[in-house]
Amino acid sequence: MNLNQYLDIAPEVAEAIAHNKPVVALESTIISHGMPYPQNVETALKVEQIIRDNGAVPATIAIIGGRLKAGCSKEDIEYLGKEGTRVNKASRRDLAVLVSRGADGATTVTTTMIIAHMAGIQIFATGGIGGVHRGAETTMDISADLEELAHTPVMVVCAGAKSILDQGLTLEYLETHGVPVIGYGTKELPAFYTRKSGFSVDYEIDTPEELAHAFRVQNELGLGGGMLVTNPIPEEYSMDPDVINQAIDEAVAEAKAQGIHGKETTPFLLARIKDITGGDSLDSNIQLVFNNAALAAKTAAALCRG
Ligand code: PSU
Ligand code: MN
């Protein structure tokens with residue numbers, strides 16, 4: 001059933017897919033580039049456990065020695081976490097060369113969606129997606145994640161869009177490309193570290209069953225493409241909007257002054273925001289990923305029930 005010669009599906013994941021049991025994909029750039037060691041490894045392993053506790057099988061996705069992995073071992077996760085930014089951050093354009101060279105790669109939202117779809121996994125949980133960056137009208141820095149959401153039929157559960165991005169332009173781009181943006185239990189786009197952004201989502205959906213149903217209908221209509229579910233951070237872990245927005249503004253200004261660009265931008269900003277907030281942003285980031293993993297696992301189970 002594994003038709004792709006470059007893909008290795010972990011036995012537990014393959015077994016679940018073959019028997020229509022719920023599986024949730026997870027990305028690896030969040031491990032290598034999104035959080036510092038050792039919190040990155042601890043978080044990645046705990047996220048897998050949360051998915052299991054909610055009745056699904058986790059499949060952490062990465063490229064190891066040129067093989068596309070749908071389901072990483074604990075050792076793979078340790079390795080990616082320890083190597084950190086020395087691992088290639090692999091977006092769509094990097095896949096062919098990394099695989100042809102037998103190299104390693106940490107998968108972004110884009111490549112996690114690609115590999116999840118190859119493996120037959122319909123849903124993926126993460127923290128934040130890439131989007132239209134602030135200043136994109138001159139830099140043209142628009143994440144490949146948005147393009148992938150337009151084309152690849154995987155549901156992505158995230159915590160909204162933080163203001164390192166231009167949230168309004170990110171929503172416009174998603175609208176142009178026909179990507180449904182759903183608020184889970186909210187009509188407002190969550191802003192990752194906080195529950196509110198001031199921007200509206202297309203639809204509010206309040207249950208995993210309704211998420212699963214909408215996604216199934218999208219596939220059955222033949223529309224293709226993904227669906228973006230934005231799940232607000234739990235109130236008790238959300239940050240003070242003034243504190244976090246000031247930290248973000250400062251980090252964005254530093255990135256500009258230092259000429260940070262391209263694929264370095266997002267990891268640079270996340271690391272600076274963590275330092276400026278004395279680690280508080282990392283604590284919130286970890287909690288929102290846990291929250292998204294639980295929702296994705298419940299939705300994966302609903303997708304299997306049909
Ligand atoms: N946002 C986060 N943490 C992350 C990322 C985004 O809060 O780790 C990662 C994801 O892998 C996402 C990628 O796909 O950054 C987007 O990078 P870029 O902006 O270079 O497309
Ligand atoms: Mn970019």
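If you read the sequence from its start, that first residue is 1, and numbering goes on from there. Remember, it's 1-based here, ligands and their atoms both numbered in the order they're listed. This one's a predicted model, so the numbers in the text were calculated from it and none came from an experiment.
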Exercise. Any N/O of Phe192 closer than 3.5 Å to an N/O of ligand 1?
Worked result: no
For this session: Give yes if a backbone or side-chain nitrogen or oxygen of Lys89 is under 3.5 Å from a nitrogen or oxygen of ligand 1, and no if not.
Result: yes
Problem set entry | Side chain, backbone, both or neither: His133 near ligand 1, heavy atoms under 4.0 Å | side chain
Seminar exercise, completed: Any heavy atom of Thr126 under 4.0 Å from ligand 1? The part involved is neither
For this session: Evaluate the side chain to side chain contact (heavy atoms under 4.5 Å, CB included) criterion for residues Ile77 and Asn40: first the C-alpha distance (whole Å), next the side-chain angles of each, then the deciding distance (0.1 Å), finally the verdict.
Result: CA-CA 9 Å; Ile77 289 173; Asn40 54 2; over 6 Å; no
Problem set entry | Atoms of the protein (N/O/S only) found under 2.8 Å from the Mn ion (ligand 2) | Asp141 OD1
Counting heavy atoms only, which of [options] is nearest [atom]?
atom: atom 15 (O) of ligand 1; options: Leu270, Leu165, Thr266; value: Thr266
atom: atom 12 (C) of ligand 1; options: Ile273, Thr29, Asp145, Leu288; value: Asp145
atom: atom 1 (N) of ligand 1; options: Glu148, Glu264, Lys162; value: Lys162

For this session: Decide whether Thr194 and Ser238 meet the rule of one side-chain donor and one side-chain acceptor closer than 3.5 Å.
Result: no
Any side-chain to backbone donor/acceptor pair from [X] onto [Y]? Under 3.5 Å, distance only.
X: Ser197; Y: Leu189; answer: yes
X: Asn231; Y: Cys158; answer: no
X: Gln218; Y: Gly226; answer: yes

Atoms in ligand 1 flagged as close to [X], the criterion being non-hydrogen separation under 4.0 Å:
X: Gly34; result: 8 (O)
X: Glu27; result: 10 (C), 11 (O)
X: Ser143; result: 18 (P), 21 (O)
X: Val109; result: 11 (O), 12 (C), 14 (O)

Exercise. Can you tell me if NE2 on His177 sees more than 12 non-hydrogen neighbours from other groups inside 6.0 Å?
Worked result: yes
